[in-house]
2 protein chains.
Amino acid sequence: MPIPMPGEQVRGSKTGKPIMALLDLLGRTWALGIVWQLNQGSATFRELQQRCEQISPSLLNTRLKELKVLQLVELTPSGYQLTQTGHGLFSIVSPLGEWSLLWANQIKKDKV
Amino acid sequence: MPIPMPGEQVRGSKTGKPIMALLDLLGRTWALGIVWQLNQGSATFRELQQRCEQISPSLLNTRLKELKVLQLVELTPSGYQLTQTGHGLFSIVSPLGEWSLLWANQIKKDKV
DNA sequence: CGATAACGCTACAGTATTAGTAGCGATATT
DNA sequence: AATATCGCTACTAATACTGTAGCGTTATCG
């Protein structure tokens with residue numbers, strides 16, 4: 001699967017609009033999950049594997065390559081960590097943490 | 001693939017934390033894209049299929065079922081549309097539109 | 001009424017992506 | 001020299017997604 005570079009053709013769009021590249025990226029298994037986990041702090045490859053309970057090393061490596069090329073993640077002597085850009089992305093999606101609680105609560109309610 | 005209900009075990013987490021269910025959902029092909037497209041206005045099944053250039057009807061229907069159960073999307077006489085909860089989710093992720101432009105710009109710069 | 005068209009959606013085969021497991025080559029520690 | 005950990009690769013099996021055809025239903029029109 002080609003890395004969704006903004007400006008190039010991606011899944012769901014021939015226009016190359018950056019938002020479409022981003023949606024393609026985030027729609028890949030574990031992409032957002034890795035960003036979320038890395039915000040908890042930098043981690044070695046194997047640590048990260050453990051945080052993402054069910055991810056296979058091959059896929060983890062594939063995603064990390066994509067995230068590195070797209071400059072959201074970098075590998076430093078102390079392990080993988082979010083870049084400044086990566087933190088920027090996280091700060092946008094971070095409200096999802098609280099929101100998901102309200103959402104869960106509402107689904108529960110409607111079951112009653 | 002089981003629908004990621006908050007409270008139940010999902011990909012990447014045995015704890016059932018709502019955020020993990022949400023990350024599982026959003027990590028599925030087209031899930032976020034559908035929400036994004038529906039925010040442009042409600043659409044019939046076939047309209048939605050066209051907006052999402054490359055989605056197959058079987059997958060579109062699978063995702064819509066999930067989004068309906070999770071109360072983010074509903075089918076009305078005038079077509080599929082976001083629920084109030086769905087709009088809530090969109091309002092969180094909507095800054096990604098502008099952010100993706102900065103991101104695209106930065107990646108370009110670094111190529112030089 | 002009969003023909004045509006559009007709707008939401010299903011069926012199914014083919015292809016692409018992900019999971020799961022074993023282990024390599026490199027570096028560090030004992 | 002033996003052991004341990006690291007990042008990561010290789011490979012197969014399982015699963016998810018695409019692409020195409022078309023079903024059953026409802027609406028429109030002559």
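Naming: A, B, ... by sequence-line order, numbering from 1 per chain. Being a predicted model, the structure only gives us computed values, none of them experimental.
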Let's see if you get this right: which residues in residues 26-54 of chain B place a heavy atom under 4.0 Å from DNA chain C? T44(B), F45(B), R46(B)
Have a look at T62(B) and say if it touches a base, only the backbone sugar-phosphate, or nothing, with a 4.0 Å heavy-atom cut-off. nothing
Touch check for R63(A), heavy atoms < 4.0 angstrom, all strands: base, sugar-phosphate only, or nothing? sugar-phosphate
Partners meeting side-chain contact (heavy atoms from CB on, under 4.5 Å) with T85(B) (sequence neighbours left out): W99(A), W103(A), Q106(A), L72(B), T83(B)
Just jot down the side-chain contact (heavy atoms from CB on, under 4.5 Å) partners of E47(A), sequence neighbours excluded, or say none. A43(A), T44(A)
With sequence neighbours excluded, residues passing side-chain hydrogen bond (donor to acceptor under 3.5 Å, both in side chains) with Q50(B): none
Not counting sequence neighbours, which residues clear side-chain hydrogen bond (donor to acceptor under 3.5 Å, both in side chains) with Q54(A)? List them please. none
Residues pairing under side-chain hydrogen bond (donor to acceptor under 3.5 Å, both in side chains) where one sits in residues 61-70 of chain B, two or more places apart or in two chains, turn out to be R28(B)-E66(B), R63(B)-E66(B)
With both pairing distances under 3.5 angstrom for Watson-Crick or G-U wobble, and | for a partner in another strand, the correct string for DNA chain D is ||||||||||||||||||||||||||||||
Length of the CZ-P vector between R11(B) and dT15(D), whole Å: 13 Å
Given atom CG of L60(B) and atom P of dG8(C), what is their separation to the nearest angstrom? 10 Å
Shorter than 3.5 Å, N or O on both sides, protein versus nucleotides 28-30 of chain C: list them out with atom names.
none

Indicate every side-chain donor-acceptor pair of residues 14-23 of chain A with a distance under 3.5 Å to a residue at least two apart or in another chain.
residue	atom	partner	partner atom	Å
T15(A)	OG1	S13(A)	OG	2.7
T15(A)	OG1	K17(A)	N	3.3

Can you tell me which residue pairs pass the salt bridge (charged side-chain N to carboxylate O under 4.0 Å, His left out) test with a partner in residues 75-92 of chain B, sequence neighbours excluded? none
For F45(A), give me all partners under ring pair (Phe, Tyr, Trp, His ring centres under 6.0 Å), at least two apart in sequence or on another chain. none
Summary of ring pair (Phe, Tyr, Trp, His ring centres under 6.0 Å) pairs that have at least one residue in residues 7-40 of chain B, sequence neighbours excluded: W36(B)-F90(B)
What's the closest nucleotide to the side chain of L59(A) if the choices are dA19(C), dT21(C), dC9(C)? dA19(C)
